[in-house]
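So you know, we letter chains A, B, ... as the sequences are listed, proteins then strands, and number each from 1. Values reported hereafter were calculated over all heavy atoms of this structure, with side chains retained and with hydrogens, waters and symmetry mates removed.
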Number of protein chains: 2
Amino acid sequence: MSAPLSPIRPGYLLFLGHERALLDAKTARGIQQWRPELCIGQYRLDAETVDLGLPDMTPAEAFAAGARTMVIGVAPFGGGFAPDWIDPMVDALAGGLDLASGMHSRLTDEPRIAAAAREHGRALHDVRHASGRIPIATGRKRGGRRLLTVGTDCAIGKKFTALAIHAALRDRGIDASFRATGQTGILIAGGGIAIDAVVADFAAGAAELLSPDNAPDHWDVIEGQGSLFHPCYAGVSLALLHGSQPDAIVVCHDPRRHHIDGYPDYPLPSLARCIEANLAAARLTNRDARCVGIALDTSGMDEGERAAAIAAATAETGLPAFDPIATGAAPVIDQLLS
Amino acid sequence: MSAPLSPIRPGYLLFLGHERALLDAKTARGIQQWRPELCIGQYRLDAETVDLGLPDMTPAEAFAAGARTMVIGVAPFGGGFAPDWIDPMVDALAGGLDLASGMHSRLTDEPRIAAAAREHGRALHDVRHASGRIPIATGRKRGGRRLLTVGTDCAIGKKFTALAIHAALRDRGIDASFRATGQTGILIAGGGIAIDAVVADFAAGAAELLSPDNAPDHWDVIEGQGSLFHPCYAGVSLALLHGSQPDAIVVCHDPRRHHIDGYPDYPLPSLARCIEANLAAARLTNRDARCVGIALDTSGMDEGERAAAIAAATAETGLPAFDPIATGAAPVIDQLLS
C-alpha cells in the first residue's frame with residue numbers, strides 16, 4: 001500500500017495491449033492530450049493494436065529513453081487485466097519501470113505482478129483505489145487559493161475544464177497546480193486521490209490532503225466529481241466541495257442534456273440553481289466562495305451553435321462562458337483574478 | 001465477508017471483558033436500554049467487571065438459555081480486542097454462538113477467531129465495517145414511508161430519536177422498522193449498514209439498500225449520521241439523505257451547543273437553517289419531504305429548563321419539540337401521521 005499521494009514517476013510508456021478501439025484507449029489519449037511531454041512511447045502487443053502515433057517501444061527501450069512508469073492506457077470492458085498482459089507487465093517491472101493502472105482490478109491483487117514489484121523494488125499505482133492512511137477533515141482554513149470545477153451532472157467536462165484552467169493560469173505565469181480526483185486525472189497529473197473510492201467518512205479529509213497549505217498567490221485547480229444534483233454521487237461532490245474550501249467554482253454543463261445521464265426522472269438543474277446550491281454548500285468552509293464562470297461542452301456543435309450556447313449561458317448567469325476544449329479557458333481567468 | 005444486511009441472530013450474551021468503567025460499556029447499555037428482551041445474560045471476566053444487572057453466564061449457559069450471539073459490549077480506548085478476550089471468544093464460537101463487534105478492530109482479522117468461526121460454521125459480524133457488495137444508488141422511488149433523523153451536529157441524539165420514534169409508532173400499532181446506520185444501532189436492531197464505512201461512491205446506494213420497497217403504510221425510521229453543517233461528515237449525511245428519500249425528517253439539536261463539537265470555528269446552524277438545508281437537499285429524491293419535529297437533548301436540565309427549551313424550539317419552528325429520552329416521541333407522531 002502506497003501513501004495516498006505517492007507520486008507517479010514521470011516518463012510514461014503507454015501500454016495499449018491488443019486494443020482495437022480508439023475509444024477504449026481514452027486513458028492513454030487523455031494523457032497524450034494534456035501531458036504530451038510525459039509520453040515517451042507506446043507499447044502495442046501486435047500490429048493491429050490502436051496507434052497513438054508515439055514511438056513503439058519495449059519496456060527496456062522505453063527505460064533507456066527516460067521512461068520510468070508503464071501506464072495501462074486502455075480500459076477494456078469488464079475492467080480486468082487480460083491474461084496475456086501479465087508477462088509484459090512483469091517484463092516492465094524487471095526492466096526498471098513502475099506500473100500505474102486506473103482499472104477496477106488491482107495490480108497489487110495479481111500475484112505475479114505483486115511478486116515482481118517486490119523483487120525489483122518497483123511501485124504499483126492502482127489509481128482508481130485510494131490507498132494509505134487518510135485523516136478525517138479538520139475544516140481548518142488553508143493558505144493559498146483554490147478553484148473547484150463542479151457540474152450539473154457527472155461526465156460533463158469537470159476534468160477537462162480544470163486542466164484547461166490550469167493551463168490558462170500557467171500561460172499567464174501564475175503559479176498553479178492541477179489536483180486530480182479521478183483515475184485519468186491522476187495519471188495525467190502524476191498523483192492525486194480517487195475521491196469516490198475513499199470511505200465516506202474520510203472523503204472530505206482526502207480533499208483536504210489533496211490541496212495542502214500553499215503560498216498566498218498559488219492556485220490549486222481541483223478536478224470536481226459528480227454533482228450535488230446526482231442521486232447517487234452528491235455525497236462525494238459535497239465532501240469534495242467542503243474539503244476543497246474553494247475560493248472559486250466553475251460550473252460545467254452541457255446545454256443539450258436535460259436530465260441526469262442514466263436517471264431520466266432527475267432533471268438537470270438550471271445554471272442558476274446549480275450555482276446557488278454549490279455556493280451555499282461551499283460557504284460552510286469558505287465564506288468568500290464565488291462562481292467565476294460556466295464551462296460548456298459544445299462538442300459537435302457548429303460555430304454558430306457554439307457561439308449561441310455561450311451567449312445564452314452568459315446571459316443567464318452574467319458570467320463568462322467557454323468551452324474548455326473548443327475555446328480554451330482564457331475568458332474565465334480575468335474573472336478569476338479580478 | 002457477510003452480505004451487507006446479514007441479520008445478527010437474536011438472543012445476546014453481552015461480553016463485558018474486564019471493563020471497570022460503566023461509560024465504556026455504553027454499547028451493552030444501549031442494547032439493554034432499547035432491546036432488553038434481546039439480552040439473555042452478561043459475561044464478565046472477573047468480579048470487578050461492571051455489572052449491568054443481567055444474569056452472569058458462560059457462553060454454554062447462555063446458549064442453553066437461548067442466546068445465539070455474543071456481542072462485544074465494551075469499547076476500550078484504542079478500539080482493539082484485549083489478548084485475554086480471545087480464549088472466551090473462541091469458547092463462545094465453539095459453544096454455538098456467533099460474535100458481533102462494533103469495534104474498529106475486526107473479528108475477521110484475528111486468526112484464531114476466524115479459524116474457530118470457520119471450524120464451527122459461525123458468523124462474525126464486524127458491524128462498524130460495511131461488508132459485501134453494495135450497489136450504486138438508483139434514485140428510484142420506493143414503496144412505503146420513511147423518516148430520517150438529521151442533526152445540527154454529530155452525536156446529538158439521532159439514534160435515540162429514531163429509536164424513540166420507532167417505539168412510539170409501534171405503540172400506536174403502526175407497522176414500522178428501525179433502520180440502523182451506525183455500530184450501536186446495528187447491534188440494537190440486529191442488522192443495518194455502517195453508512196460512514198461505505199466507500200463514498202456507494203453511500204447513497206447503501207442507504208437505498210437499507211430501506212427497501214415496503215408496504216404503503218409501513219414506516220422505516222432511519223438513524224441519521226453526521227450533519228450537513230459538519231465540515232468532515234456532510235457528504236455522508238447528504239448521501240444518506242438522498243438514498244433514504246425521506247417523507248419526513250426530524251431535526252436533532254442540543255440548545256446548549258453553539259459550535260460543531262470539536263470544530264470551534266463552525267457555529268451550529270439555527271433550527272430554521274438546518275430544516276431548510278435538509279429539506280432542500282431531501283427534495284432531490286422526494287419532493288414531498290417535510291420536517292415533522294425537533295428532538296432536543298435536554299439531559300441534565302431541570303424540569304423548568306427542559307420545558308423552556310421545548311417551548312422555545314416550538315416557537316422558533318412551529319413544530320412539535322420533544323426530548324426522546326425525557327419526554328418520549330409521542331408529540332411528533334400526530335404531526336407525522338397528519
Side-chain angles (χ1 to χ4, degrees), chain A residues 128-130 134-141 154 181-182 193-208 225-243 245 259-260 262-267 269 273 276-277 280-287, chain B residues 128-130 134-141 154 181-182 193-208 225-243 245 259-260 262-267 269 273 276-277 280-287:
Chain A
R128 191 184 284 265
H129 302 279
I134 293 170
I136 64 162
T138 68
R140 188 183 59 78
K141 186 85 176 75
C154 292
T181 60
I193 300 176
I195 200 91
D196 55 9
V198 174
V199 164
D201 243 8
F202 298 93
E208 292 188 351
Q225 291 293 336
S227 166
L228 288 184
F229 297 88
H230 197 294
C232 184
Y233 303 120
V236 176
S237 306
L238 185 61
L240 181 56
L241 188 60
H242 283 164
Q245 50 183 231
H259 61 76
I260 298 286
Y263 294 75
D265 294 341
Y266 287 85
R273 188 158 168 243
E276 182 194 356
R283 284 175 180 149
L284 182 76
T285 57
N286 187 341
R287 285 176 208 185
Chain B
R128 190 185 284 265
H129 302 278
I134 292 171
I136 64 164
T138 67
R140 187 182 61 78
K141 186 86 177 76
C154 291
T181 60
I193 301 176
I195 199 92
D196 56 8
V198 174
V199 165
D201 244 8
F202 299 93
E208 292 188 351
Q225 291 292 334
S227 166
L228 288 184
F229 296 88
H230 197 293
C232 184
Y233 303 119
V236 176
S237 305
L238 185 61
L240 181 57
L241 188 58
H242 284 165
Q245 50 185 229
H259 61 77
I260 298 287
Y263 294 75
D265 295 341
Y266 287 85
R273 188 158 167 243
E276 182 193 356
R283 285 176 180 149
L284 182 75
T285 57
N286 187 341
R287 285 174 209 186

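- Without hydrogens or angle criteria, Tyr266(A) side chain to Gly139(B) main chain gives a donor-acceptor distance under 3.5 Å.
- Ranked by non-hydrogen atom pairs under 4.5 Å with chain B, the options Cys232(A), Pro231(A), Ala206(A) are led by Cys232(A).
- With rounding to the nearest 0.5 angstrom, the CG atom of Asp265(B) is 9.5 Å from the OG1 atom of Thr138(A).
- Chain B forms more heavy-atom pairs under 4.5 Å with one residue of Ile260(A), Leu284(A), Thr285(A) than with any other, namely Leu284(A).
- Within 6.0 Å of atom CZ in Arg283(A), more than 12 heavy atoms from other residues, nucleotides or ligands are found, so the atom counts as buried in its surroundings.
- In this structure, CG in Asp201(B) is found 8.0 Å from CD in Gln225(A), a value given to the nearest 0.5 Å.
- With a 4.5 angstrom heavy-atom cutoff, Arg273(B) does not touch chain A via any of its atoms.
- Heavy atoms closer than 4.5 Å to chain A are found in both the backbone and the side chain of Phe229(B).
- If you measure heavy-atom distances from Leu228(A) to chain B, the contacts under 4.5 Å come from both the backbone and the side chain.
- Counting all heavy atoms, side chain and backbone alike, His242(A) lies closest to His230(B) at ND1-O, 4.2 Å.
- Comparing Val236(B), Leu241(B), Val199(B) by heavy-atom pairs within less than 4.5 Å of chain A, the highest count is held by Val199(B).
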